[in-house]
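All remarks here apply to the structure that follows.
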Number of protein chains: 2
Amino acid sequence: MNPVTEQPVTAADKTFLQLRKDIVDGKIAAGSKLSETDLANRYAVSRAVVREAINRVETCHLVERRANVGARVVALSPERLVSLYQVRESLEGMAARLAAENMSDDEITDLMNLLDSHLQTVQSGETYYQEAGDVDFHYRIILGSKNDHLIAMLTEGIYHLIRMYRVQLGMAGPRVTTAFDEHRSIAQAIANRDAELAEILMRRHILYTRNNLAKKLLEDAS
Amino acid sequence: MNPVTEQPVTAADKTFLQLRKDIVDGKIAAGSKLSETDLANRYAVSRAVVREAINRVETCHLVERRANVGARVVALSPERLVSLYQVRESLEGMAARLAAENMSDDEITDLMNLLDSHLQTVQSGETYYQEAGDVDFHYRIILGSKNDHLIAMLTEGIYHLIRMYRVQLGMAGPRVTTAFDEHRSIAQAIANRDAELAEILMRRHILYTRNNLAKKLLEDAS
DNA sequence: ATCGCTTAAATTGTCGACAATATAAGCCAA
DNA sequence: TTGGCTTATATTGTCGACAATTTAAGCGAT
């Protein structure tokens, strides 16, 4: 079920989306156990659909299951955050490379317009659009790669985990001003059809973001 | 369920492994529909465990499901092969980079020994160890990355798909002699702890493999 | 003959009950 | 008191039956 193009139709679909949301938002604590019976009561569905929903959030790497024991929400350790961002750097770097090769001229124009509107929003002092804007930017590049495997892995797999870290560790979107300039550079490289540079810049951008998060984590720990 | 360290315990585990094998080996044709009832009879289990098994092979991107319609084995198009190898290039490149940083000295020694034994096997004219040797080489580097997300994505996700292409398109392992030299270079970069070079070489190596496969596909089509 | 509607068959989705396994509690012995 | 064993409880795994949906077939109208 592609979350973008397709609608939830079955009860398992809705339960899966609700469960994923509850986990990402921390409504269900990280590291806690998922009782099938409890969830069945909570969502007012049978255990069978809960099991299917759990299987699907497991696909997103949001929970881990053990046979005859049950499923637990993943723990949010700094180490896992780093390893997650390493994967993200790798995949989104490739996405930027492919986007430079495969995005249509119209899509690139739209991307530029998005950045312009984003700039105005930032300058006007409004902040709560930041994360949405950031996600939107990355999202367009991912889709611009035109690579189905890549798109699925990022949008259905990794991104929810990243959001989970952002929400639960209280990270207010990306580093605002500097990140914006980096976005511009990436977009420009894509517009120039410079695949090599687009990949390098995207990887650096994500690396910076990771370092920024790691620093924040250390500060919070002290 | 990590297929390396853990054993199949439940009926759903065994059914999943069997189903995955049957799909990868082409015993169940690519693009064909998966009837839950048929599979339940074939494997002598209830529909519930078949459904769980199907959900899991869907996680490996080996089948695609649509609500109220059913699951189909994925089609093996040249385009999808290319997109798959782009993802592989990205992830295994990162794996090689991380392996250069994180593999222990002992693990690197073992890797070198593996290459030596592999060389002897090749020189003695035996060929049927080639694919196993190739898989083993890549596998060790993936594990050497010490990145859980990366390891899971490659070993539980992408690799079965790659094997499916190899088996069903009748590809006899990797390009033997040239690939071996590339392996040596990669291992040497890792031994030198040159992460940057290890990544570049691994990406080139996988790119060459992809081009080789694409060429073979074109030849077969003609 | 073709198109559309209605109806019948087959397939997937959902449910509650039972079986198998793991966890917790209680007990006995050292 | 502690350690290990036995028993009780709770949770997951599995099953067959029923409901909902899709697909195919049949029929009639134009």
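Owing to the predicted nature of the structure, the values given are computational and were not obtained by experimental measurement. Just so we're on the same page: letters track the sequence lines, and every chain starts at 1.
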Report summary line: The single option from A/R203, A/H205, A/R204, A/R210 that satisfies side-chain hydrogen bond (donor to acceptor under 3.5 Å, both in side chains) with A/E89 is A/R203

Report summary line: Among D/dT23, C/dG13, C/dC15, the one nearest any side-chain atom of A/V49 is C/dC15

Query raised in the report: Closer than 4.0 Å, any side-chain N/O of B/K14 to the OP1 or OP2 of D/dT14?
Result: no

Query raised in the report: OP1 or OP2 of D/dA10 sitting under 4.0 Å from any side-chain N/O of A/T37?
Result: no

**Report entry** Separation of D/dT11 P from A/R65 CZ (nearest whole Å)
**Finding:** 16 Å

Report task. Could you say whether A/A48 or B/S35 is positioned toward the 5' end of DNA chain C, judged by the nucleotide with the nearest heavy atom to each? Result -> B/S35

Requested in this report: Round to a whole Å and report the spacing from CD of B/E52 to C1' of C/dG13.
Outcome: 16 Å

Report summary line: In short, A/L154 meets A/L91 closest at the heavy-atom pair CD2-CB, 3.9 Å

Query raised in the report: What's the CD-C1' distance between B/E36 and D/dG16, to the nearest Å?
Result: 14 Å

Report summary line: A/R66 CZ to D/dT11 P, in whole Å, measures 16 Å

Report summary line: On DNA chain D, more 5' by nearest nucleotide between B/N68 and B/S46 is B/S46

Query raised in the report: If you check every side-chain atom of A/V69, which of C/dT23, C/dG13, D/dT11 has the closest atom?
Result: C/dT23

Query raised in the report: Has B/K33 got a side-chain N or O lying under 4.0 Å from the OP1 or OP2 atom of C/dT12?
Result: yes

Report task. Just call it for B/L34: base, sugar-phosphate, or nothing, with non-hydrogen atoms closer than 4.0 Å on any strand. Result -> sugar-phosphate

Query - Per B/V45 side chain, nearest of listed nucleotides C/dT12, D/dC15, C/dA22 - result: D/dC15

Query raised in the report: Just wondering, more than 12 heavy atoms not from B/K33 lying within 6.0 Å of its NZ?
Result: yes

Requested in this report: Round to the nearest Å and state the distance from B/R47 atom CZ to D/dG13 atom C1'.
Outcome: 17 Å

Query raised in the report: Does a side-chain N or O from A/T10 land closer than 4.0 Å to OP1 or OP2 of C/dT12, or not?
Result: no

Query - Whole-Å distance separating the CG atom of A/D13 from the C1' atom of D/dT21 - result: 14 Å

Query raised in the report: In whole angstroms, how far is the C1' atom of D/dT22 from the CZ atom of B/R72?
Result: 14 Å

Query raised in the report: So, B/D134 versus B/Y139: side-chain donor-acceptor pair below 3.5 Å or not?
Result: no

Report task. Assign B/A11 to base, sugar-phosphate, or nothing according to its heavy-atom contacts below 4.0 angstrom with the strands shown. Result -> sugar-phosphate

Query raised in the report: Within the structure, does a side-chain N or O atom of A/R51 lie under 4.0 Å from either OP1 or OP2 of D/dG13?
Result: yes

Report task. Check A/K146 against A/M103 and note the closest heavy-atom contact, atom names and distance. Result -> NZ-CA, 4.3 Å

Query raised in the report: What is the distance, rounded to the nearest whole Å, between atom CG of B/N55 and atom C1' of C/dT12?
Result: 12 Å

